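Letters A, B, ... are given to chains in the order of the sequence lines, protein chains preceding strands, and every chain is numbered from 1. Predicted model only: the values in this text are computed from it and were never measured.
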Amino acid sequence: NAGVTQTPKFQVLKTGQSMTLQCAQDMNHEYMSWYRQDPGMGLRLIHYSVGAGITDQGEVPNGYNVSRSTTEDFPLRLLSAAPSQTSVYFCASSYSSGDRERNGYTFGSGTRLTVV
Amino acid sequence: SQQGEEDPQALSIQEGENATMNCSYKTSINNLQWYRQNSGRGLVHLILIRSNEREKHSGRLRVTLDTSKKSSSLLITASRAADTASYFCATARRGDYKLSFGAGTTVTVRA
């Protein structure tokens with residue numbers, strides 16, 4: 001199993017550009033989420049999904065869109081990039097309920113985004 | 001806002017020593033989890049402790065949870081150079097999928 005795969009690993013954008021960060025998992029996890037990690041601030045939840053067709057906002061959703069058309073994929077779209085969105089982005093997935101409590105969350109290796 | 005806060009922010013120890021870090025949180029939880037992040041990598045799940053548990057072990061890891069004080073500790077015994085990483089606590093509330101992370105403790109193990 002590949003686990004959680006994020007692409008690209010690195011990206012530089014100009015202010016105002018849009019792009020999509022890809023996240024795919026092959027573990028049949030119902031739950032998927034996007035976090036951003038900034039120095040000294042830990043991880044903050046952007047958006048999450050509890051299954052195909054179901055998404056909801058996290059702690060810092062402004063400037064980002066998501067959709068979940070399949071169980072496997074959960075792309076994150078930056079609509080109009082701003083320097084404040086410079087960060088490392090992580091996708092994470094897990095099983096629902098009991099299995100989630102036993103196994104925790106599986107994280108991707110991250111996308112390092114710089115907006116200039 | 002972040003639910004958990006780790007203490008200390010940074011820790012430097014000699015190989016073979018024990019490393020202890022603490023996590024405090026604000027609201028009632030269903031479980032508390034600890035994750036490790038090596039430099040430039042994603043987070044790896046280490047251990048989960050439920051709100052009705054007080055202590056849990058996994059290899060060289062020992063986690064305690066005191067729900068009355070809303071705090072947890074992670075002890076790494078007989079540390080190795082490979083334990084050099086950042087460690088994060090994360091809390092989950094009952095019936096909620098979401099995890100809230102603290103800012104992490106950076107541990108450096110000197111050879």
Side-chain angles (χ1 to χ4, degrees), chain A residues 2-7 9-10 21 23 25 27 29-51 54-61 68 74 88-112, chain B residues 1-10 21 23-27 29-53 56 58 61 63 65 72 74 85-106:
Chain A
V4 177
T5 302
Q6 289 185 240
T7 57
K9 293 190 183 305
F10 301 93
L21 280 61
C23 175
Q25 53 89 11
M27 298 170 285
H29 284 172
E30 295 92 345
Y31 178 79
M32 297 184 74
S33 55
W34 277 101
Y35 287 86
R36 58 177 289 173
Q37 184 177 32
D38 301 295
M41 297 191 71
L43 280 78
R44 292 182 292 170
L45 182 64
I46 305 171
H47 284 285
Y48 65 99
S49 169
V50 299
I54 306 169
T55 63
D56 206 346
Q57 296 181 349
E59 184 184 352
V60 289
R68 183 98 178 268
F74 191 44
V88 182
Y89 291 85
F90 288 100
C91 180
S93 70
S94 76
Y95 292 108
S96 63
S97 61
D99 284 333
R100 168 164 48 92
E101 291 194 357
R102 281 189 289 274
N103 300 307
Y105 289 68
T106 301
F107 279 80
S109 57
T111 294
R112 188 173 296 273
Chain B
S1 61
Q2 290 173 245
Q3 163 80 311
E5 291 186 7
E6 287 93 341
D7 172 63
Q9 289 186 334
M21 60 210 83
C23 170
S24 60
Y25 58 92
K26 299 173 184 175
T27 62
I29 62 171
N30 185 48
N31 65 69
L32 186 145
Q33 304 176 30
W34 286 91
Y35 288 80
R36 183 188 73 233
Q37 183 181 35
N38 293 95
S39 181
R41 308 295 295 272
L43 280 73
V44 175
H45 181 254
L46 295 176
I47 194 165
L48 180 151
I49 186 165
R50 293 185 175 83
S51 60
N52 61 353
E53 297 176 314
K56 202 163 183 180
S58 177
L61 304 179
V63 170
L65 179 65
S72 174
L74 173 66
S86 292
Y87 293 82
F88 295 88
C89 71
T91 56
R93 291 183 289 188
R94 193 172 303 278
D96 196 343
Y97 283 88
K98 294 176 286 188
L99 280 185
S100 294
F101 284 84
T105 294
T106 300

Seminar exercise, completed: d(A:Tyr48 OH, B:Leu99 CG) to nearest 0.5 Å is 12.0 Å
For this session: Using the test side-chain contact (heavy atoms from CB on, under 4.5 Å), find all partners of A:Ser109 that sit at least two apart in sequence or belong to another chain.
Result: A:Lys9
Exercise. Distance from B:Arg41 atom CZ to A:Phe107 atom CZ, nearest 0.5 Å?
Worked result: 14.5 Å
Exercise. Is any side-chain heavy atom of B:Gln33 closer than 4.5 Å to a side-chain heavy atom of A:Tyr105?
Worked result: yes
Exercise. Is chain A contacted by the side chain of B:Ile47, its backbone, both, or neither, given a heavy-atom distance below 4.5 Å?
Worked result: neither
Exercise. Any side-chain heavy atom of B:Leu43 within less than 4.5 Å of one from A:Tyr35?
Worked result: no
Problem set entry | chain A contact via B:Gln9 - which portion, at a heavy-atom distance below 4.5 Å | neither
For this session: Kindly write out the residues that satisfy salt bridge (charged side-chain N to carboxylate O under 4.0 Å, His left out) with A:Asp38, not counting sequence neighbours, or none if the list is empty.
Result: A:Arg36, A:Arg44
Problem set entry | A:Gln6 versus chain B, the contacting section by heavy-atom distance below 4.5 Å | neither
Exercise. Which pair of heavy atoms, one from A:Phe90 and one from B:Gln37, lies closest together, and at what distance?
Worked result: CZ-NE2, 3.3 Å
